[in-house]
Amino acid sequence: MKINVEVECTPEEARRAMGLPDLSPVHERYVSMMVDAINKQGSPEAFQQMLQSWSPMSEAGMGFWRAMFDAGTGGKTEK
């Protein structure tokens with residue numbers, strides 16, 4: 001026997017139904033810090049240092065972010 005149950009709700013309603021904590025203030029603070037840091041940082045190297053200090057990434061992860069940044073700037077980064 002197979003029973004399917006479909007529940008239509010918003011992500012907020014689903015979070016509350018499962019008893020998960022509301023992390024929206026944390027998310028808003030993190031995004032605000034990222035925007036401020038990006039606005040204050042002038043070079044790709046400074047941006048890379050910021051990302052490395054905020055999240056533990058491997059060299060491959062940093063290579064991914066560098067490629068994304070290079071693609072966004074047309075590959076015109078200073079070395």
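Bear in mind the structure is a predicted one, so any value in this text is a computation, not a measurement. Along the sequence shown, residues are numbered consecutively beginning with 1.
A salt bridge links Glu12 to Arg15: at least one charged side-chain nitrogen sits closer than 4.0 Å to a carboxylate oxygen.
Not one N or O on the side chain of Glu28 forms a donor-acceptor pair closer than 3.5 Å with the backbone of Pro25.
Grouped by direct or indirect side-chain proximity (heavy atoms under 4.5 Å, Ile/Leu/Val/Met/Phe/Trp/Tyr only), Val35 sits with Val31. The hydrophobic cluster around Met18 extends to Leu20, counting ILVMFWY residues whose side-chain heavy atoms fall within less than 4.5 Å of a member.
Separating the OG1 atom in Thr10 from the CZ atom in Arg16 is a distance of 8.0 Å, to the nearest 0.5 Å. Rounded to the nearest 0.5 angstrom, Ile3 CD1 and Met1 CE are separated by 4.5 Å.
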